[in-house]
2 protein chains.
Amino acid sequence: MRSSLAERQETEEAGAEAPATPSVRQQAVLDAVLALMVEGGDQLTMDAVARRASCSKETLYKWYGDRDGLLTATVRWQASRVHAGREAVQALDGTSLREHLQDFAVSWLTVITSRTSVALNRIAVAHAGSRKSNLGGIVLANGRFAIGERVKPVLEAGRAAGLLAFADSEAAFRTFFGLVGRDIQIRLLLGEALDLDADEIQRDAGRAVDQFLALYGQANT
Amino acid sequence: MRSSLAERQETEEAGAEAPATPSVRQQAVLDAVLALMVEGGDQLTMDAVARRASCSKETLYKWYGDRDGLLTATVRWQASRVHAGREAVQALDGTSLREHLQDFAVSWLTVITSRTSVALNRIAVAHAGSRKSNLGGIVLANGRFAIGERVKPVLEAGRAAGLLAFADSEAAFRTFFGLVGRDIQIRLLLGEALDLDADEIQRDAGRAVDQFLALYGQANT
DNA sequence: TATCGAGCGTACCGTACGGTACGGTACTAG
DNA sequence: CTAGTACCGTACCGTACGGTACGCTCGATA
């Protein structure tokens, strides 16, 4: 079982911050961390991780250096899964613009309401309080900012097509972000139960898109 | 409460959740906790609190039972300071409605961007992960929900005056909340610097109110 | 004055947890 | 075959922190 990984593709010396995709075994470890995060934030000890992943602590320290390294790798691992590929934006009409926005809203709501995301964000927020190794920065970069970078081209394409009017795409996106997320994320982070099913998310997303278009849309949508 | 001490001077009795206003000395202790929270979340040990407040740990345990009790008391103490009294809503016209909303937006933004609020929310979020004593619930009740209960009557008065149109005041409030807060709180919690000065808050609030009125206002504003 | 209780400072205890060391095992290379 | 590598399991160490115990001072009351 353990020896069957002669794979170890390339040294991880790649680049300052790029941690090379983890091996299958390492992924299993990181998934164990994720699982522990989800089931109560205080179980997240190195012992517990080693037990859950059936590996030795020594291996954990060898692979990740220290606890923070393990957490960082876990955050990156989860981020790498969430990233959907960014498709190129082609010509837009009113309908496809609405669909794009709806998709973004749905996927964002789905992410932030997932138990994994809530647990991960809790860890990152807690960590942000006691500086050292900014998990918070990583989460922001792969969450809020990543989706921003994907939405803004769509907004700009919408503007180019005469469907939207705004001066600053960042500001427009932030409004969109607010209309979609509202109080949901903070309520979840603070422990409220509040689980939305797929239908509710769909409706919520639709409402947010409607409102956004009401604010920024040009008549012909 | 657990304390079977006869001490409790003026005692405010079974207010379900009212913990009797702390004595001056106790307030000093809670302020010390707040100060420690603000300067880095990991310094928050009982030793550090005792040292900072120049009191003995034994006193802390006598007054608050355990660490959670101390944290809970601190959260309540901070909440008791933030609460502005809720003024009654009288007749509204377009101008006064706008002013009311602007005030709410400004005060909310001011609160959530304060270092104290950020630190407190971080603690509460972290705590929400490992159940036991829901600081999260208290923070939510005194933050998001408290302001909701203060805004909704204003919205309803606005509707009664024909200035606003909506079916569900809760839903309308949540949109308002989203337009005001957008991504600010999560970015702060995750550690971004991002400090807004008074002018920026004023402008942000104004933009949010404009957008809200654009969505829910009846022509005559 | 003597007594009492609130509370400060410090020393102490138990334990949980991050991190290290080491022996044993399965597999590979030569 | 031997030597080497990668890893598991477990035992171990040091320390930080929650919680407790105790002696002391100070002010109030009689």
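Numbers restart at 1 for each chain; the letters A, B, ... are given by sequence-line order, proteins then strands.
Residue pairs meeting the side chain to side chain donor-acceptor pair (under 3.5 Å) criterion with at least one partner in residues 28-46 of chain A, sequence neighbours excluded, are A:D31-A:W77, A:D31-A:R81, A:E39-A:R52. Residue pairs meeting the ring-ring contact (aromatic ring centres under 6.0 Å, His included) criterion with at least one member in residues 101-126 of chain B, sequence neighbours excluded: B:W108-B:F177.
A salt bridge does not link B:D210 with B:R207: none of the charged nitrogens is closer than 4.0 Å to a carboxylate oxygen. Under the 4.0 Å criterion applied to side-chain N and carboxylate O atoms, A:E170 and A:R144 are assigned as salt-bridge partners.
Considering only side-chain atoms of B:E58, the nucleotide from D:dG23, C:dT20, D:dC8 that sits closest is D:dG23. Counting only heavy atoms from C-beta on, B:T59 has its side chain closest to C:dC8 among D:dA11, D:dC8, C:dC8. Closest to the B:K62 side chain, of the nucleotides D:dG9, C:dA6, D:dA11, is C:dA6. Of the candidates D:dG19, D:dG9, C:dG18, the closest approach to any side-chain atom of A:S56 belongs to D:dG9. Counting only heavy atoms from C-beta on, B:Y61 has its side chain closest to D:dG19 among D:dG9, C:dG18, D:dG19.
Atom CZ of B:R51 and atom C1' of C:dT10 are 12 Å apart (whole Å). Distance B:D66 CG to C:dG14 P: 20 Å, rounded to the nearest Å. Protein atom CE of A:M46 is 10 Å distant from nucleotide atom P of C:dT20, rounded to whole Å. Here the C1' atom of nucleotide D:dT15 and the CZ atom of A:R67 are 16 Å apart, to the nearest Å. Protein atom CD of B:Q43 is 13 Å distant from nucleotide atom C1' of D:dA16, rounded to whole Å. Between B:D42 atom CG and D:dC17 atom P there is a gap of 8 Å when expressed in whole angstrom units. D:dG18 atom P lies 12 Å from atom CG of B:L36, rounded to whole Å. What separates CG of A:D47 from C1' of D:dG9 is a distance of 11 Å, to the nearest Å.
The main-chain N or O of A:V24 is never found under 3.5 Å from a side-chain atom of A:Q27 such that the two would form a donor-acceptor pair.
Listed pair A:T45 / C:dC17 fails the phosphate criterion, with no side-chain N or O lying under 4.0 Å from OP1 or OP2. OP1 and OP2 of D:dA6 both lie 4.0 Å or more from every side-chain N or O belonging to A:W63.
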